[in-house]
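Order of the sequence lines fixes the chain letters, A, B, ..., with proteins taken first and strands second; residue numbering starts at 1 for each chain.
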There are 2 protein chains.
Amino acid sequence: MEPKPLRAKTSGKEALDRAAWIAGALDIVARDGIDGLRVESLAKKLGVTKGSFYWHFKDRRDLIDAVLDDWRASRIRDIRKQTVAEPGGELAALRHTIDVYAAARNRKGISIEAAIRIWARQDGNGLAVVEEVDAERLDCTRRLFLALGLPAAEAAARSALLYAYVFGFSMMQCGRFPMDAAQTKDWIVGRITQ
Amino acid sequence: MEPKPLRAKTSGKEALDRAAWIAGALDIVARDGIDGLRVESLAKKLGVTKGSFYWHFKDRRDLIDAVLDDWRASRIRDIRKQTVAEPGGELAALRHTIDVYAAARNRKGISIEAAIRIWARQDGNGLAVVEEVDAERLDCTRRLFLALGLPAAEAAARSALLYAYVFGFSMMQCGRFPMDAAQTKDWIVGRITQ
DNA sequence: CAGATTCCATACGCAGCCGTATGGTGTCGA
DNA sequence: TCGACACCATACGGCTGCGTATGGAATCTG
């Protein structure tokens, strides 16, 4: 009954699907931003022409919305995965979350996030997506603080500080900072979580 | 002896100088980013044609560099102004700095900063400018913490937390957040400064 | 095997933008 | 009054990018 949309081509070249286009688009977004995401250059990067693109997508906006949906889903999936904690392991989970998100590694993810966030200032749909991700992230860390027994207001404040710090830190990773000193980081993590 | 380059035109229309072009450029950068800064659209916004632009600037890159220089100078001037403190007033100066920089107002300034920072990831000159501004801001707040008698490592860590928080907060001001609750803000400010 | 469907190439018109070349108008100094 | 210069308009060629129209090759279906 399933139409089985992905056909296993016997020839050497695999047919592209929307997921492949979105993956390629994310590479470009990380480097050039949403505005730098061009149909023809993306097609060239994938080794095809835009004739292929306009078969999979209605227009450029359709691609952008697909990228946005993909990003939202992956970001929500990730924050939920990073913030799972056994009872009693909430503090370790918080430290782990800060460590993962405020990392010099994951440059591509940071670039994508920054690009989407900047662009979303001028776009209603993008704005909604960013707000959903922000809300979920704040909620996940807030729940951990609540599980540690903190009062609601302090849990909200700590999660806000955590998120703002992590995001601000990652956004400033253009150049090497004195911020990446281990001693400084440890002090900050303690200040947020304890 | 001075060549007096700016002539007071007696006619109604004032002649444009580089400063006027830069000011107009900053408006566009705030809305569309550096990549959205186009010579012809900027000229249209200023009520002239690009014939005028190419008299004042060598090319589009020349304008961008001028915008960068202007932004760096104004940001360094501003952080120095906001962080002056009488002896004994360092804590108040720190609170004032957080209040000024992590404000929902000043949306244009935040947009400009974010746009420049994003764009600087792909540009050497922009990167250098951003790093200069970051270094100066970190240094200004660090000096305040040092004046409060904190040890050097903690002063550095606090200034890093302050900067990352303020910047992350301002970058997330797309939608309304639970972060702007007065109670939450007060808790965070205390956590950073005390 | 014949037709339908999937996936992509090619070609076209249109628009935006860059940088240059060139001409025009107003203002200044001698 | 007369160049000289500051400031800007107009016009041009070239490039990039969007979206569409159309054709073609490969695969699936009956």
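Put simply, NZ on B:Lys44 is 12 Å from C1' on C:dA15, counting in whole angstrom units. Remark: C1' of D:dG13 and OH of B:Tyr54 are 14 Å apart, rounded to the nearest angstrom. The distance from atom CG of B:Asp62 to atom P of C:dG19 is 10 Å, rounded to the nearest whole Å. Here C:dG16 presents its P atom at 10 Å from CD of B:Glu40, a figure rounded to the nearest Å. Counting to the nearest Å, the C1' atom of C:dC18 and the CG atom of B:Leu63 are 13 Å from each other. Distance CG (B:Leu42) to P (D:dC8): 12 Å, rounded to an integer number of Å. Distance B:Asp59 CG to D:dG14 P: 20 Å, rounded to the nearest Å. Look at CG on A:Leu46: it is 15 Å from P on C:dC7, rounded to the nearest Å.
For the residue pair B:Tyr101/B:Asn106, the side-chain donor-acceptor check at 3.5 Å is not satisfied. With hydrogens and angles left out, the side-chain atoms of B:Asp62 and B:Tyr54 include no donor and acceptor closer than 3.5 Å.
When B:Val67, B:Ile34, B:Leu37 are each tested for a side-chain contact (heavy atoms from CB on, under 4.5 Å) with B:Ile28, only one passes: B:Leu37.
Side chain of B:Trp55, nearest nucleotide from D:dC7, C:dT10, D:dG19: D:dC7. Comparing D:dC18, C:dG19, D:dC8 by their nearest atom to the side chain of B:Thr49 picks out D:dC8. Considering only the side chain of B:Arg60, C:dG19 comes nearest among D:dC18, C:dG19, D:dA9. In this structure, of C:dC12, C:dA9, D:dA11, it is C:dC12 that holds the atom nearest to the side chain of A:Lys50. With distances taken from any side-chain atom of A:Ser52 to the nucleotides D:dG17, C:dC8, C:dG19, the minimum falls on C:dC8. Nearest to the side chain of B:Val48, among C:dC8, C:dC18, D:dA9, sits D:dA9.
Between B:His56 and D:dC8 there is a side-chain polar atom (N or O) within less than 4.0 angstrom of OP1 or OP2.
For A:Glu86, the CD atom is loosely surrounded, since the number of other residues' heavy atoms within 6.0 Å does not exceed 12.
When side chains are defined from C-beta on, A:Asp70 counts as touching A:Leu26, because their heavy atoms get closer than 4.5 Å.
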